[in-house]
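The chains referred to below are lettered A, B, ... by the order of the sequence lines, with proteins before strands, and numbering in each begins at 1.
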Amino acid sequence: MHLVAQRLPDGRVSVARIHDDGGAQARAETLSREDWPLFVARTERDEPGIRWVWDDTAAWYPPLLAAGVRVARCVDLRLCHAILRSSTDTSESSLATAPAGPWDAPIIQPREADAGALFDLVADEPAGGERDPLAEFEAQRAAVASATADARSRLSLLIAAESAGALIASEMTFAGLPWDARRHDDLLVEMLGPRPAPGVRPRVLQEVLDEVTAALDVGAFSPESPGELLRALQSAGIPATSTRSWELKQFEHPAIAPLLRYKKLARLHTANGWNWLDQWIHDGRFRPTYVPGGVVTGRWASDGGGALQLPHQIRSAVVADPGWRFVVADAAQLEPRILSAISGDAAMATAARGVDLYDGMVRTGAIDTRAHAKVAMLGAMYGATTGESGRLLPRLTRAYPQAIGFVEAAARAGERGERVSTRLGRSSPLPGRAWRELQQQASGDASSEAIGRRARTEARNWGRFTRNFVVQGTAAEWALCWMASLRTRLAHLAGGAPLTRSAHLVFFLHDEIVVHCPESQAERVAELVRESAAEAGRLIFGRAPVDFPVTTAVVASYDQAK
DNA sequence: ACGAATTGCGCC
DNA sequence: AGGGCGCAATTCGT
């Protein structure tokens with residue numbers, strides 16, 4: 001049973017019931033703004049199988065969470081539209097062939113949605129006309145139905161997982177990541193010195209800069225200006241061509257070590273210093289906005305606070321509540337395992353049997369050292385052609401022809417300007433007009449040598465993108481299924497307790513999750529995390545012989561994990 | 001003067 | 001000549 005929710009111009013909500021047999025749709029009910037959360041809560045309790053259908057979880061769910069209401073399942077029409085619109089599995093559907101409409105326009109979300117905000121913010125009509133969730137839902141069902149039986153079941157899973165991800169994202173923002181501002185401040189003082197007045201360099205930063213200046217001995221300069229810094233380095237006889245740390249590392253000069261230290265500390269100060277603390281930590285919680293589907297590959301993005309780039313440097317400030325713990329779980333070598341599963345490479349699946357896939361590659365004699373295995377695999381998935389990983393590629397290809405052939409095929413398809421797809425059916429975008437015109441031009445008789453070179457470079461660039469897309473995108477699907485399965489198990493464990501009073505997800509980082517839970521539940525939660533990982537593998541790959549082991553750690557602060 | 005693009009670095 | 005991001009500060013372009 002699906003319940004399609006739609007906001008009416010007067011702020012009320014209409015709900016239409018749709019039976020799964022596609023049968024007659026009952027008359028829509030209309031709820032007042034005040035009754036809506038109660039209606040959702042009651043329905044969740046009395047009809048546990050139902051699925052809410054709405055245009056945008058990020059607009060609908062935060063007010064419900066604020067009212068203490070949890071939703072078990074939904075269809076996020078906006079996210080699913082994006083998938084079905086470009087999937088090669090549904091390319092013949094009218095949803096895919098229609099001109100761009102209101103469901104293709106991005107929605108501007110407020111940073112902090114509260115109970116009243118839903119009705120204020122959606123009052124703006126999206127570009128391209130009014131959104132009709134009922135019609136869109138039917139169009140999406142028709143699009144899925146237009147796919148082959150196999151694609152249909154995969155797309156259905158993808159749509160469910162994507163929508164579950166949207167629920168999880170809202171819940172994680174609502175719950176927040178526990179953050180000890182005191183400990184963060186201590187950390188900053190220890191590394192940078194006391195908090196300075198605005199615009200003034202912290203004491204330690206200034207001291208390190210003085211060291212750099214003395215060692216270079218070319219006078220004062222502003223280290224924040226790449227141009228000035230580069231000129232200073234060159235004046236001091238350092239033949240740098242950029243001011244990137246990894247390039248500077250190779251030079252032997254007394255100024256280099258303090259300069260690298262300066263860059264590290266300056267980064268901490270500007271990115272996660274006192275200003276960040278003031279702006280992002282309130283009431284002991286960090287509440288970034290997660291953006292499910294924010295990356296073309298299906299990975300999440302984040303908006304505000306740099307949530308997906310929390311440096312290891314400050315993770316000791318992520319502290320569980322008294323009597324509570326974090327269960328930190330990480331999927332070991334997720335992307336190479338994904339590659340072995342989607343390519344059906346039996347030899348690589350054998351190497352993936354244990355907890356460490358790279359060790360497995362060495363043990364089975366495919367490659368000599370773990371370090372080589374890792375750099376070679378990453379290079380193969382990213383499309384490296386030179387350097388160490390480029391040199392190791394032939395050996396890798398000999399050992400794992402299926403796996404390497406799979407990413408090579410994805411690269412070739414991209415070079416031809418074709419779409420590629422993940423296991424569940426998310427397809428890559430087509431290259432832009434400029435790209436196609438360049439390839440067109442290069443294939444003409446009158447094309448110059450320079451045009452041909454540029455066209456080949458661009459083709460290879462796009463091929464690297466599509467090569468990585470199939471792996472990164474399928475890994476993102478695995479992670480969504482992992483989280484969605486875990487979320488269901490945690491809800492069961494909670495037995496009706498409020499979200500933040502029982503074990504709940506507080507952080508997600510591509511192949512890593514953090515659950516905040518009472519200490520007494522931690523070991524049970526760790527088990528659920530592992531069970532969920534196994535289920536994710538089964539859901540996506542059936543009984544394929546590839547393991548997806550996860551490492552789990554029960555810790556009081558985030559830095560104590562691995 | 002102000003928004004866009006670039007540089008550099010954090011995460012996976 | 002290595003995939004995907006977000007953010008701060010500088011620099012560019014109009």
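By the 4.5 Å heavy-atom criterion applied to side chains, L177(A) and V318(A) are counted as neighbours. Between P292(A) and L79(A), the closest side-chain pair of non-hydrogen atoms falls below 4.5 Å. Residues L260(A) and K264(A) are not in side-chain contact: their nearest non-hydrogen atoms beyond the backbone lie 4.5 Å or more apart. Taking 4.5 Å as the limit, every side-chain heavy atom of M348(A) sits out of range of all side-chain heavy atoms of Q402(A).
Looking at every heavy atom in both residues, A236(A) comes nearest to L216(A) through CB-CD2, 3.5 Å.
When the P atom of dG6(C) is taken as reference, atom CH2 of W276(A) falls 17 Å away, rounded to whole Å. The distance between atom NE2 of H269(A) and atom C1' of dA9(C), rounded to the nearest whole Å, is 13 Å. In this structure, CG of L393(A) is placed 13 Å from C1' of dG2(C), rounded to the nearest angstrom. The CG-P distance, from N275(A) to dA9(C), rounds to 8 Å in whole Å. Distance Y558(A) OH to dC12(B) P: 7 Å, rounded to the nearest Å. Whole-Å rounding puts the Q313(A) CD to dC9(B) P distance at 13 Å. Rounded to whole Å, the distance from CH2 on W246(A) to P on dT7(B) is 13 Å. Q279(A) has its CD atom 7 Å from the P atom of dA8(C), to the nearest Å.
Candidate nucleotides dC9(B), dC11(B), dG4(C) were compared by shortest atom distance to the side chain of R315(A), and dC11(B) ranks first. When distances are taken from the side chain of E512(A) to each of dC12(B), dG3(C), dG8(B), the shortest belongs to dC12(B). Closest to the side chain of F465(A), from the set dG2(C), dG3(C), dA8(C), is dG3(C). Among the nucleotides dC12(B), dG2(C), dC5(C), the one closest to any side-chain atom of A301(A) is dC5(C). Listed nucleotides dC11(B), dG4(C), dC9(B) differ in distance to K263(A); the shortest reach to its side chain belongs to dC9(B). Here the side chain of S302(A) is nearest to one of dG4(C), dG6(C), dG2(C), namely dG6(C). Nearest to the side-chain atoms of P311(A) among the listed nucleotides dG4(C), dC12(B), dG10(B) stands dG10(B). Distances from the side chain of Q309(A) to the nucleotides dG4(C), dC7(C), dC12(B) place dC7(C) closest. Candidate nucleotides dA8(C), dG8(B), dC11(B) were compared by shortest atom distance to the side chain of R267(A), and dG8(B) ranks first.
Between W482(A) and F508(A), the distance separating the two ring centers is not shorter than 6.0 angstrom.
Note: H269(A) and W274(A) have perpendicular aromatic rings, judged against thresholds of 30 and 60 degrees for the angle between ring planes.
A stacked arrangement is assigned to Y382(A) and the six-membered base ring of dG3(C), with a centre-to-centre distance below 5.5 Å and an interplanar angle below 30°.
Across all strands shown, T243(A) has heavy atoms under 4.0 Å from sugar-phosphate atoms exclusively, and none from any base. Note on G305(A): only backbone sugar-phosphate atoms sit closer than 4.0 angstrom, heavy atoms only; bases stay farther off. Using a 4.0 Å heavy-atom cutoff across all strands shown, S245(A) reaches sugar-phosphate atoms only and no base atom. Within 4.0 Å of L334(A), counting heavy atoms only, lies no atom of the nucleic acid at all. No contact: A271(A) has no heavy atom under 4.0 Å from any strand. Nucleic acid contact class of V471(A) (heavy atoms, under 4.0 Å, all strands): none.
Salt-bridge annotation for R195(A) and D278(A): present, with a side-chain N of the basic residue lying under 4.0 Å from a carboxylate O of the acidic one.
An OP1 or OP2 oxygen of dG2(C) is reached within less than 4.0 angstrom by a side-chain nitrogen or oxygen of T386(A). An OP1 or OP2 oxygen of dC12(B) is reached within less than 4.0 angstrom by a side-chain nitrogen or oxygen of H312(A).
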Atom pairs, protein N/O to nucleotides 11-14 of chain C N/O, distance under 3.5 Å:
| unit_1 | atom_1 | unit_2 | atom_2 | d |
| --- | --- | --- | --- | --- |
| dT11(C) | OP1 | S225(A) | OG | 2.3 |

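Judged by distance alone, with hydrogens and angles left aside, the side-chain atoms of R203(A) form no donor-acceptor pair with the main-chain N or O of P194(A) at under 3.5 Å.
Side-chain atoms of R299(A) come within donor-acceptor range of the base of dC12(B), with a qualifying N/O pair under 3.5 Å.
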